[in-house]
Amino acid sequence: YTGGGCPHILAEPMRTNLLTYSEDFSNAIWTKNGSSVTPNATTSPDGTINADKLVEDTSTGGHQIQSITSASNSTIYTTSVFVKYAGREWIRFTDAQSSNRIHFNTLTGVFGTISGTVIDYNSTALEDGWYKLSFTTTSVATAYTPRIALAEADNDVSYTGDGVSGVYIWGAQLELGSYPTSYIPTDGGTVTRNQDIFTRDGIGSLIGQTEGTVFVDVDFDTLSGLNMFLSIRPNSSNKIEMYRDGNLIYGDIVSSSSFTFIKTGVTVGRYKIALSYSSGSNAMYINGDLISNNSTSFAFTSTLNDLYVNSRGGTSFIEQSKYYNIQLYKTALTPTQLIALTS
C-alpha cells in the first residue's frame with residue numbers, strides 16, 4: 001500500500017534472472033576491462049553492506065564490467081541494475097553484443113544519449129542516492145552481454161582513468177520480457193520466481209448478482225497462449241470471465257443462459273475492456289467502441305462470490321500483462337458511461 005495513495009498489489013509473471021551472480025561482481029563471470037571491483041563497499045538498497053564498487057584504473061580506454069549470458073537471437077530482453085554515484089558521474093549501460101545502449105548520470109539522475117534500437121528505458125530514484133536503472137532491447141545473437149561502463153562524459157567511450165573514481169553497483173538482472181520486474185537475487189545459478197496469483201473469496205456482496213459491470217485496463221506484451229484477465233465465479237456453471245486467446249479478446253457470461261462477446265484483430269498493446277450485464281441487456285465495450293451487445297435473458301443459479309486475477313478458478317495461465325485498473329460495479333452502466341470508462 002502506498003502511503004496516502006491508492007492501494008496497489010504487486011502481481012508479477014514468472015521471470016528468471018539469467019545472471020548467475022547478481023550481487024558478487026568480483027566473481028569471474030563478470031569480466032573486468034580497465035577496471036576492478038571492491039566487494040562490499042557500501043550499503044545496498046536492501047540495507048546491508050553488500051554493494052560493490054566498480055573502480056576505473058589509470059589506463060586510457062574503456063573502463064567496464066560485463067557478463068556473457070546465453071540468449072535467444074531476435075528476442076526481447078530487459079536488463080536492470082542498481083547504481084549509485086562513487087566519484088564517476090556517467091555510466092554507459094548496454095548489451096555488448098549490439099550497439100544498443102543508454103547513458104545515465106548517477107549523480108543527477110538524468111539520462112543522456114540513447115543509441116541503437118532501445119525499446120524502453122527507465123530509472124527509479126531510491127533512498128540514499130541509489131537508482132534502479134533498466135533498459136529493454138532485442139538480442140542480436142545467441143549471447144546477451146550486459147555491460148556497465150564508466151564514462152567521463154555523456155556518450156564517452158574512452159578516457160584516462162584516475163584509479164579511484166567509479167560507481168556503486170548491486171542487484172543486476174537479465175530477464176526475458178519487455179519490462180523489468182522486481183529484483184530476483186542469485187548466487188551461483190539462475191533463479192526463477194513463479195507467477196503471482198491472487199484471489200478474493202467470499203465477496204458476493206461486492207459483485208452484482210443480477211446486473212453489473214466488470215472493467216479491466218490491461219496492457220499485454222504477447223499474443224501467445226491464453227491470457228486470463230478476470231474470472232468471477234463460484235463454479236464453472238456460474239461465472240463471468242474476460243480473457244485473451246491468440247488475437248481475440250473474449251467476454252463470457254455462463255449462467256442459466258450463456259453467451260460470449262468476441263473482439264477480433266487484437267494486437268499487442270493496451271486495452272480498456274468493460275462487460276456490462278443485466279438480464280435482457282448485455283454489452284462489451286473496448287477502447288471506447290461497442291464490440292457487441294445482445295438481449296439474452298439469464299439468471300445466475302449460484303452466488304458469484306470469488307474473484308480471480310491471472311487465473312481461472314485457481315488454474316493459472318500465461319500472464320504477460322500489466323494491469324492499470326480493475327473495477328467492479330453492481331449496476332449495468334449506460335452506453336454513455338461505458339464509452340467514457342473505456343475511452
Side-chain angles (χ1 to χ4, degrees), residues 8-25 27 29-30 44-46 66-83 93-95 97 100 102 118-124 126 130-148 169-199 218-229 243-244 268-270 308-312 314-324 326:
H8 291 70
I9 294 175
L10 178 62
E12 298 184 296
M14 177 183 289
R15 288 290 178 90
T16 299
N17 188 351
L18 300 172
L19 297 174
T20 55
Y21 284 90
S22 64
E23 298 176 10
D24 182 8
F25 295 93
N27 190 274
I29 73 152
W30 289 98
S44 77
D46 77 358
Q66 67 183 40
S67 180
I68 301 175
T69 306
S70 297
S72 298
N73 193 15
S74 302
T75 303
I76 295 175
Y77 288 89
T78 296
T79 314
S80 57
V81 68
F82 295 82
V83 296
F93 198 21
T94 180
D95 168 23
Q97 306 289 336
N100 305 326
I102 62 175
V118 176
I119 298 172
D120 195 14
Y121 60 94
N122 187 54
S123 70
T124 302
L126 306 173
W130 282 99
Y131 293 90
K132 182 178 181 180
L133 187 63
S134 68
F135 83 104
T136 302
T137 188
T138 301
S139 61
V140 297
T142 55
Y144 196 102
T145 306
R147 174 186 289 172
I148 305 166
I169 51 178
W170 180 80
Q173 185 156 306
L174 173 64
E175 53 191 311
L176 181 65
S178 63
Y179 61 93
T181 62
S182 59
Y183 173 51
I184 305 170
T186 64
D187 185 18
T190 62
V191 174
T192 298
R193 177 188 54 240
N194 289 329
Q195 173 187 327
D196 294 319
I197 296 175
F198 64 92
T199 66
V218 63
D219 188 348
F220 44 84
D221 302 318
T222 178
L223 295 181
S224 64
L226 192 151
N227 200 174
M228 179 62 61
F229 306 141
Y243 57 95
R244 179 203 53 77
V268 167
R270 185 173 177 179
Y308 295 86
V309 179
N310 298 358
S311 72
R312 170 183 281 164
T315 301
S316 63
F317 291 86
I318 182 173
E319 194 60 44
Q320 289 284 356
S321 302
K322 298 184 286 288
Y323 291 89
Y324 292 90
I326 297 171

OH/Tyr243: more than 12 non-hydrogen atoms of other groups inside 6.0 Å: yes

Minimum-distance pair of heavy atoms, taken over all atoms of Pro45 and Trp170: CD-CE3, 3.4 Å

Side-chain (Ser139) to main-chain (Thr75) donor-acceptor, under 3.5 angstrom: yes

Minimum-distance pair of heavy atoms, taken over all atoms of Val191 and Pro185: CG2-O, 3.5 Å

Check: Thr186 side chain, Thr20 main-chain N or O, donor-acceptor pair, under 3.5 Å: yes

Backbone of Ala172 reached by a side-chain donor or acceptor of Asn17 within 3.5 Å: yes

Side-chain H-bond candidate by donor/acceptor type, Gln97 with Thr145, under 3.5 Å: yes

Trp30 side-chain N/O to Tyr21 backbone N/O, donor-acceptor pair under 3.5 Å: yes

Nearest-0.5 Å distance, CZ of residue Phe25 to CD1 of residue Ile169: 4.0 Å

Side-chain donor/acceptor of Arg15 to backbone N/O of Arg193, under 3.5 Å: no

Contact summary for Ser67 and Ile29, nearest pair of heavy atoms: OG-O, 3.3 Å

Which atom of Thr78 lies closest to which atom of Gly177, heavy atoms considered: OG1-O, 2.8 Å

Separation of Asn227 CG from Arg244 CZ (nearest 0.5 Å): 4.5 Å

Gap separating the CZ atom of Phe93 from the OG1 atom of Thr79, nearest 0.5 angstrom: 5.0 Å

Minimum heavy-atom distance between Pro180 and Ser134, given as atom pair plus value: CG-OG, 3.6 Å

Beyond-backbone contact of Tyr77 with Asp95, side-chain heavy atoms, under 4.5 angstrom: no

Closest approach of Thr137 to Asn100 (non-hydrogen atoms, all atoms of both residues): OG1-ND2, 2.8 Å

Between CG on residue Leu19 and OG1 on residue Thr69, distance to nearest 0.5 Å: 4.5 Å

Separation of Ser22 OG from Asp187 CG (nearest 0.5 Å): 7.5 Å

Side-chain heavy-atom pair Ile184, Thr16 within 4.5 angstrom cut-off: no

Ile119 CD1 to Phe135 CZ distance, which is reported to the nearest 0.5 Å: 10.0 Å

Asp219 side chain near Tyr324 side chain, heavy-atom distance below 4.5 Å: yes

Contacts of Trp130 that satisfy ring-ring contact (aromatic ring centres under 6.0 Å, His included) - sequence neighbours left out: none

